Every structure is written in structure tokens, then in C-alpha cells.
Amino acid sequence: MPELRVLESAEITTLLPWKKQEHRYLGVYLENIIRRVDGHGLEAIHVHAKNAYSVKITAAELQQHKYMLAYAIDDEAITRRHKGPLILMRDLSAVSIDDIHELNVVINLVWFVESIDINCGITH
């Protein structure tokens, strides 16, 4: 967590499918993390959660949507009780309330984030 907090932070105010109202999230955009680790040639990232859920997000998807690794909600640290301490999310304010639960919207949202693997196409 200390390593994340030294990176440029950002805010998103949005509704998430598992919340009943909009909240303000503070975190770091994935593009900043990828840049920090020299993600040149990025092909995809794999985000793994503590509950064994994982997703693969391609470079094209990362260009289409700005994903955030959020660590605070409404100025409070995200606790385990609230699906934290880290949540992979994106701004869903442009998604209609009728579509917010659709699979293509929520599939890459990850709570209980434990690790992120960055695949830059380099093989050894």
C-alpha cells in the first residue's frame, strides 16, 4: 500500500453494481502503474483476487476504459468488509442503470485484489 500511495492518485465518483448509491473512489489508474514498471509492449494484465477470481484485461481493453486500483471510498480506506483493501474498477457513470449489472460491464471489476501480473510479451 505505501508503494501505491506515492504514485499519482485520482478520483472517480460513480455507482458500482454492488452499491446502492454513487461514491467517490480514490486510487491509482492502472496506466500509471504499468508505466511505473516499464510496461512497454503491453499485451495484457491479469488481476487476481483473494477469493480465487481472476480476469485478463487486454491492452485494447485498457485503452478503451481507464481502470483504477482504488484504495479509498469517500475518504475512508476500503476495508475487507467493503471488498478491499483494493478494488479494480472503472467509472461507470455513463452506463445506464439498466445495464450496470450486464456481464460485459462487470466482468473486469475485481474486489479483494491480491496481485496483478503484467504481460509485455517477453518470453525467456
Side-chain angles (χ1 to χ4, degrees):
M1 196 64 76
E3 293 169 339
L4 277 179
R5 291 190 183 265
V6 299
L7 297 176
E8 180 183 349
S9 63
E11 284 184 12
I12 294 175
T13 299
T14 191
L15 179 68
L16 292 181
W18 57 87
K19 297 283 187 183
K20 293 181 181 180
Q21 61 187 12
E22 282 189 340
H23 291 279
R24 188 171 47 85
Y25 296 87
L26 179 67
V28 176
Y29 281 115
L30 281 185
E31 63 191 27
N32 294 340
I33 295 170
I34 293 165
R35 216 178 5 257
R36 178 75 171 213
V37 298
D38 190 21
H40 181 71
L42 178 75
E43 291 181 1
I45 65 165
H46 297 265
V47 181
H48 308 280
K50 291 181 182 180
N51 62 359
Y53 182 73
S54 69
V55 296
K56 174 184 177 182
I57 305 173
T58 66
E61 290 171 302
L62 288 169
Q63 288 179 349
Q64 183 180 8
H65 302 291
K66 285 184 76 163
Y67 286 92
M68 173 186 277
L69 194 56
Y71 51 75
I73 180 171
D74 298 328
D75 296 321
E76 298 287 331
I78 301 174
T79 64
R80 283 189 184 156
R81 181 180 181 127
H82 294 106
K83 301 180 175 19
L86 296 170
I87 297 173
L88 181 69
M89 56 168 297
R90 66 182 177 97
D91 187 351
L92 298 177
S93 58
V95 177
S96 77
I97 196 70
D98 294 332
D99 294 336
I100 203 162
H101 294 283
E102 293 294 321
L103 185 59
N104 66 336
V105 173
V106 299
I107 195 163
N108 288 341
L109 305 181
V110 182
W111 53 81
F112 302 117
V113 173
E114 183 172 49
S115 67
I116 299 174
D117 298 323
I118 299 174
N119 180 350
C120 293
I122 300 170
T123 57
H124 298 278

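This is a predicted model, so every value here is computed, not measured. Heads up: numbering here begins at 1 and tracks the sequence.
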Within a strict 4.5 Å, meaning less than it, do heavy atoms of the [X] and [Y] side chains meet?
X	Y	answer
V110	L86	no
I118	I34	yes
M1	P85	yes
H23	E76	no
Y67	E31	no

Which atom pair, heavy atoms only, marks the closest approach of [X] to [Y]?
X	Y	value
I33	V28	CG1-CG1, 3.7 Å
N32	E8	ND2-O, 3.8 Å
H101	P17	CE1-O, 3.0 Å

Side-chain H-bond candidate by donor/acceptor type, S93 with D91, under 3.5 Å: yes
Gap between atom [atom2] of [Y] and atom [atom1] of [X] - 0.5 Å precision:
X	Y	atom1	atom2	value
K83	R81	NZ	CZ	11.0 Å
L4	Y71	CG	OH	7.0 Å
Q64	I57	CD	CD1	11.5 Å
L69	L7	CG	CG	10.0 Å

If only atom types and distance count, is the side chain of E61 paired as donor or acceptor with the main-chain N or O of T58 below 3.5 Å?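 Indeed, once roles are kept as given, a pair shorter than 3.5 Å links the two residues.
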Could you walk me through whether I45 and N119 satisfy the side-chain contact (heavy atoms from CB on, under 4.5 Å) test, starting with their C-alpha distance in whole Å, then the side-chain angles of each, then the deciding distance to 0.1 Å, before giving a yes or no? CA-CA 6 Å; I45 65 165; N119 180 350; over 6 Å; no
Check each of D74, T13, D75 against R24 using the side chain to side chain donor-acceptor pair (under 3.5 Å) test, and report the only one that passes. D75
Does anything in residues 44-54 pair up under side chain to side chain donor-acceptor pair (under 3.5 Å), and if so which pairs, sequence neighbours excluded?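 As it turns out, the side chain to side chain donor-acceptor pair (under 3.5 Å) pairs with a partner in residues 44-54, which skip direct neighbours, are H48-D117.
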When Ile, Leu, Val, Met, Phe, Trp and Tyr are grouped by side-chain heavy atoms lying under 4.5 Å apart, directly or through other members, which residues fall in the same group as L15? I12, L16, W18, Y25, Y29, M68, I73, I78, I87, M89, L92, V95, I97, I100, V105, V106, L109, W111, F112
